[in-house]
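For reference, the structure discussed in these notes is given below.
Treat the numbers as computed from the prediction; the structure is a model and nothing was measured.
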Amino acid sequence: MQSAKTSLSFEVFPPTSKATNDSLFTSLKQMEGLSPDFISVTCSNRQTSLEDSTVKIAEHIQQQHQVDSIVHLTAAYLNEEEVDTILTSLQQKGLQHILALRGDLYPDVQRNNDFLYASDLIAYIKHWDPSFSISAACYPQGHPESSDTVEDIHYLKQKVEAGADQLITQMFFDNQHFYQFQENCWLAGINVPILAGIMPIINKRQAERILRTANVQLPKKFMAILDKYADNPVALRDAGMAYAVDQIVDLVTQGASGIHLYTMNNASIARTIYKATHSLFDLETITAVGSA
């Protein structure tokens, strides 16, 4: 079921050093005034302390910037006791939104078997306290471990049935993949909002990393941009931002439930995208009020 208004949200990730920590807080300050519906904060299975990284940043966002924040929580290396401790801490801090994931698996790290899949973690959280709002991840081009689309949608529906309130997609660069995925979800009876994950490509190294590590195809239109501007960083950045804006315009026009912007902790990206598209979101609000 689509929401009446397309939401706009951002994603940031915990810094790896004091310098990048200061840089993130500076970026968050520079994002003030953009009025995202929420900001999600990622985590890593290998982080030594979720409390001192992801949770701390999410609390800062909510208290200092008055923006709802979503805490990423990965299932693979957590046991029930650890999840209980985390959920208690989130309640005490007024953090009621969680993005529940299985998380990446590392061959050299022994995983925990309390939560084999994201759906197991989602069901546990909902049983622990139904008031938590839970998001789940989804993959317009299919999860890399799924054998086919049918299997992928089957496991996605399990997440929704376990209690996921909305879905956030992995980045994609061809909106047709999103529309086909959205239709497949509807046909399968998945009716929660699906937020479209958009990552502006602003340099060649970033594009190469995505091609190397993510199960994402770059369409010919975007490959042509990379080929033409690979040796011109400024032109590639401008073209990458324009491409993302074009995606967002199309998605909002077609009634997508939400746009989730992968900011890479870069306030300039968030501000540029907002400046180019905010009237689309404002227009929806005005239209909704005028037709009420």
Side-chain angles (χ1 to χ4, degrees), residues 1-11 37 40 99-102 104 117-119 122 134-201 206-207 209-226 239-262 273 276-277 280-281 284:
M1 183 180 298
Q2 292 181 341
S3 59
K5 174 185 178 296
T6 301
S7 65
L8 174 64
S9 54
F10 302 152
E11 181 167 296
D37 289 270
S40 70
L99 175 56
L101 309 153
R102 185 200 67 182
D104 295 332
Y117 305 105
S119 56
I122 292 168
I134 302 180
S135 300
C138 59
Y139 303 82
Q141 293 178 250
H143 190 283
E145 296 177 21
S146 291
S147 59
D148 54 43
T149 300
V150 173
E151 181 182 71
D152 191 52
I153 295 295
H154 169 74
Y155 286 118
L156 181 61
K157 189 172 183 179
Q158 287 187 352
K159 295 182 186 180
V160 175
E161 291 174 341
D165 301 295
Q166 70 178 7
L167 303 173
I168 302 176
T169 79
Q170 182 190 42
M171 72 191 84
F172 60 89
F173 300 91
D174 184 340
N175 286 2
Q176 292 307 312
H177 289 304
F178 175 81
Y179 297 136
Q180 182 60 61
F181 172 75
Q182 186 173 243
E183 183 176 345
N184 291 341
C185 287
W186 291 340
L187 291 173
I190 298 173
N191 295 314
V192 298
I194 303 174
L195 281 54
I198 299 297
M199 177 181 280
I201 301 296
Q206 179 192 8
R209 184 173 65 250
I210 289 171
L211 287 172
R212 185 175 64 252
T213 63
N215 185 42
V216 175
Q217 299 173 1
L218 293 180
K220 290 182 179 179
K221 180 180 178 180
F222 194 84
M223 292 301 295
I225 291 174
L226 291 179
M241 293 296 288
Y243 189 93
V245 167
D246 186 57
Q247 277 192 276
I248 292 170
V249 170
D250 181 61
L251 288 161
V252 175
T253 301
Q254 297 298 325
S257 294
I259 304 298
H260 188 62
L261 186 67
Y262 295 104
I273 293 292
T277 63
L280 307 178
F281 299 94
E284 285 200 335

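The heavy-atom pair separating Gly255 from Thr6 by the smallest distance is C-OG1, 4.5 Å. Of all heavy-atom pairs spanning Gln247 and Phe172, the tightest one is NE2-O, 3.1 Å. Pairing each heavy atom of Gly197 with each of Tyr262, the nearest pair is CA-CE1, 3.5 Å. The minimum heavy-atom distance linking Gly163 with Ile134 is given by the pair O-CB, 4.2 Å. Across all their heavy atoms, Val192 and Asp165 have their closest contact at CB-O, 3.4 Å. Contact record, Tyr139 with Asp152: O-OD2, 3.7 Å, taken as the closest heavy-atom pair.
Within the 4.5 Å cutoff, no side-chain heavy atoms of Ile273 are placed close to those of Phe10. Within the 4.5 Å cutoff, side-chain heavy atoms of Asp37 are placed close to those of Lys5. Within the 4.5 Å cutoff, side-chain heavy atoms of Met199 are placed close to those of Ile210. Thr277 places none of its side-chain heavy atoms less than 4.5 Å from the side chain of Val252. Contact check for Leu8 versus Ile248: no side-chain heavy atoms found under the 4.5 Å cut-off. Side-chain contact between Leu167 and Ile190 is present, with at least one heavy-atom pair separated by less than 4.5 Å. Looking only at side-chain heavy atoms (C-beta outward), Gln141 and Val216 come within less than 4.5 Å of each other.
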Report the C-alpha distance between Glu145 and Arg102 in whole Å, list the side-chain angles of each, state the deciding distance to 0.1 Å, and finish with yes or no for side chain to side chain contact (heavy atoms under 4.5 Å, CB included). CA-CA 12 Å; Glu145 296 177 21; Arg102 185 200 67 182; 2.9 Å; yes
Could you please spell out the steps behind the side chain to side chain contact (heavy atoms under 4.5 Å, CB included) verdict for Lys221 and Asp246? CA-CA 12 Å; Lys221 180 180 178 180; Asp246 186 57; 3.7 Å; yes
Candidate pair Leu195 and Gln166, rule side chain to side chain contact (heavy atoms under 4.5 Å, CB included), full reasoning: CA-CA 8 Å; Leu195 281 54; Gln166 70 178 7; 3.7 Å; yes
With side chain to side chain contact (heavy atoms under 4.5 Å, CB included) as the criterion, how do His143 and Tyr155 come out once you've worked through the C-alpha distance, each side chain's angles and the decisive distance to 0.1 Å? CA-CA 10 Å; His143 190 283; Tyr155 286 118; over 6 Å; no
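Around CZ of Phe222, the count of heavy atoms belonging to other residues, nucleotides or ligands within 6.0 Å exceeds 12. Other residues, nucleotides and ligands contribute more than 12 heavy atoms inside 6.0 Å of the OH atom of Tyr243.
In this structure, Lys159 contributes its side chain and Ala137 its backbone to a donor-acceptor pair below 3.5 Å.
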